[in-house]
There are 2 protein chains.
Amino acid sequence: MGQGRRESPRYRQIAEYLRLRIMRGDYRPGDLLPSERALMEEHQVSRGTARQALAVLRADGLAQAAMGRGVFVREQAPARRVASDRYQREVRQIVEDGPQPPPETSFTRTQGIEWSDYRLDKDFRDTGADEEVAELFGVSPGEPLLERRFVFYAQGEPQQMSWSYLLLSLVSGTPVAGPANEPWPGGNIAQLATLGKIVSRVEESVAARMPLPDEVSTLRIPPGVPVLTVTRRMLAGPDRDEVVEVANKIVIPADRTIMDYAVDLDVSSDPP
Amino acid sequence: MGQGRRESPRYRQIAEYLRLRIMRGDYRPGDLLPSERALMEEHQVSRGTARQALAVLRADGLAQAAMGRGVFVREQAPARRVASDRYQREVRQIVEDGPQPPPETSFTRTQGIEWSDYRLDKDFRDTGADEEVAELFGVSPGEPLLERRFVFYAQGEPQQMSWSYLLLSLVSGTPVAGPANEPWPGGNIAQLATLGKIVSRVEESVAARMPLPDEVSTLRIPPGVPVLTVTRRMLAGPDRDEVVEVANKIVIPADRTIMDYAVDLDVSSDPP
DNA sequence: CAGTGGTCTAGACCACGCT
DNA sequence: GCGTGGTCTAGACCACTGT
């Protein structure tokens, strides 16, 4: 039966009651929340209403259901930090040591994980620039590009997927054009250095949204967890204006990663 | 009645069918989707199942329900871009022109909106550093701080909320200590300049999650939209190591904002 | 086996928005 | 007034997990 609605609905009251108890620490990460049947009894509601209450917490990423076992308070894994100064470290190694590939890539160093702990799925193909990528590259749509699709895993968990593009005219016939050499020691910047392109500027745009179904399955994203989406351009040349790489769809589950950026300001008295 | 479950559930099939049609452009942003009753008829399911299908799309931020009217394909407002180089521009004006407040603040300039278009809610109070803020500031917990809570509005829409902290020992007795002068012309960096602190480094950490209930109401966040959370430190001094401001809870609805960062790399041959 | 969450049905009353 | 989404009920069968 229906009923008047001046106060907030029953299911929301129950959800907020549970949320409060989670915040207070009555239920700690990993703990089992009351079952749907227990909530029915306790709050004198039908199962649908009890279930809806738990659905609120699941949609907010606070709780996670396990088939046949119950609903648990989600534990948030300590997030991996991805720092922007990894780019500076990479390019320093190259400028100082020359373009011999250094032994580490920013991906492993940033996380402090060993090579053996991670894995890379890769898929290369030739394609033409679509409108968005052409705009980012500063070329015409249809421009021949090498498309590289990557999925990074660490500790058995997928950490990010990306679509990256290089000008085919730049890489064609070089070791960069094939997937065999990935992961490239020293990473993207070292790779571009072998082509004579010293990256002098990296631009990243960060946004967030809920994941698409294929992202959920590929990255094994729990319900209620958004993704960070990053669009990246790598630029080279003394004027930092030659676009040498574009990655327009870097997708990162937001429950495992924090993006760190440092902006050093020029405070000298001379205009730049 | 229940039934076997080899394929994906009915409600998910219906949801994916609708998602496909949205992606294909059969339903465009702003269009009305079939009503729950229409989906019942069309797919021969109960209302609960039809409703659940639409719930999937709403949870993913693809659709939005309007009471008494129907469920619509969500239009994504063109996102405001917040660029990291706003900091460099702010500090340049100060270094070149001295600490007279320049006429614009980064917030208005970044968006290209007029002063009259935006509004600032502010709430100042003295407090002691909690553990997290103390860690970020590099001081002991309990250190006296000025806490400033802001909510920014633009075009009548709330754009972000933040908790910002300054050392009370630095600002006490100055015009900065009171909310009356906010919004401060020239923004945070100009404000710190009047205290003799030239900001030489800004650090930002970006993450994402689903919003809390109070964030949903304060920022008017539609269901299915995550928030970007930014933690910021402003540092001063030639060694860029004196923390002068900490904002540990900047919350930004992800449907209205993209964060842009540019990292210029030092590619000179001298070690830095 | 008992208990859990996942799915589905059929029916009800409500508040809202438009015509 | 009529159609819409929002809420709630009571009951059912299913698949999965643990003992």
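Order of the sequence lines fixes the chain letters, A, B, ..., with proteins taken first and strands second; residue numbering starts at 1 for each chain. Being a predicted model, the structure only gives us computed values, none of them experimental.
By the ring-ring contact (aromatic ring centres under 6.0 Å, His included) test, B/F124 pairs with B/F150, sequence neighbours left out. B/D121 pairs by the side-chain hydrogen bond (donor to acceptor under 3.5 Å, both in side chains) definition with B/R119, B/Y153, not counting sequence neighbours. Listed by chain and number, the residues in a side-chain contact (heavy atoms from CB on, under 4.5 Å) with A/L212 are A/R209, A/D214, A/E215, B/R19, B/M23 (sequence neighbours excluded). B/R28 is linked by a salt bridge (charged side-chain N to carboxylate O under 4.0 Å, His left out) to nothing, counting only residues two or more places apart in sequence or in another chain. Remark: B/R21 engages B/D26 in a salt bridge (charged side-chain N to carboxylate O under 4.0 Å, His left out) (not counting sequence neighbours). A/Y11 meets the ring-ring contact (aromatic ring centres under 6.0 Å, His included) test with no other residue; sequence neighbours excluded.
Taking only side-chain nitrogens and oxygens, A/Y11 never comes nearer than 4.0 Å to OP1 or OP2 of D/dC8. An OP1 or OP2 oxygen of D/dT4 is reached within less than 4.0 angstrom by a side-chain nitrogen or oxygen of B/S35.
Look at CZ on B/R37: it is 15 Å from P on C/dT9, rounded to the nearest Å. Atom C1' of nucleotide D/dT4 and atom CD of B/E41 are separated by 17 Å, given to the nearest angstrom. Distance A/L39 CG to D/dT9 P: 13 Å, rounded to the nearest Å. To the nearest angstrom, C1' of C/dC8 lies 16 Å from NE2 of B/H43. Atom pair B/I14:CD1 and C/dT7:C1' shows a separation of 12 Å (rounding to whole Å applied). Between the CG atom of A/L33 and the C1' atom of C/dT4 there is a distance of 13 Å, given to the nearest Å. Rounded to whole Å, the distance from CD on B/E36 to C1' on D/dT7 is 11 Å. The separation between B/M40 atom CE and C/dA10 atom P is 8 Å, rounded to whole Å.
Listed nucleotides: D/dG5, D/dT7, C/dG5. Nearest to the side chain of B/V71: D/dG5.
Side chain of B/Q44 to main chain of B/E41: a donor-acceptor pair is present (N/O by atom type, distance under 3.5 Å, no hydrogens or angles).
Legend: ring-ring contact (aromatic ring centres under 6.0 Å, His included) pairs involving residues 51-76 of chain B, not counting sequence neighbours: none detected. The ring-ring contact (aromatic ring centres under 6.0 Å, His included) pairs that include a residue from residues 26-55 of chain B are B/Y17-B/H43, where partners are two or more places apart or lie in different chains.
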N/O donor to acceptor pairs below 3.5 angstrom from side-chain atoms of residues 126-137 of chain A, sequence neighbours left out:
unit_1	atom_1	unit_2	atom_2	d
A/D130	OD1	A/E132	N	3.1
A/D130	OD1	A/V133	N	2.8
A/E132	OE1	A/N248	ND2	3.2

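In this structure, a donor-acceptor pair under 3.5 Å is present between the side chains of B/S205 and A/R81.
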Just the table, please: protein N/O against nucleotides 16-19 of chain D N/O, every pair under 3.5 Å.
none

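Rounded to 10 degrees, the angle between the two end axes of the helix from C/dC1-D/dG18 to C/dC18-D/dG1 is 10°, with five pairs used at each end.
Residues from residues 47-60 of chain A lying near DNA chain C, meaning a heavy-atom separation below 4.0 Å, are A/R47, A/R51, A/R58 in numerical order.
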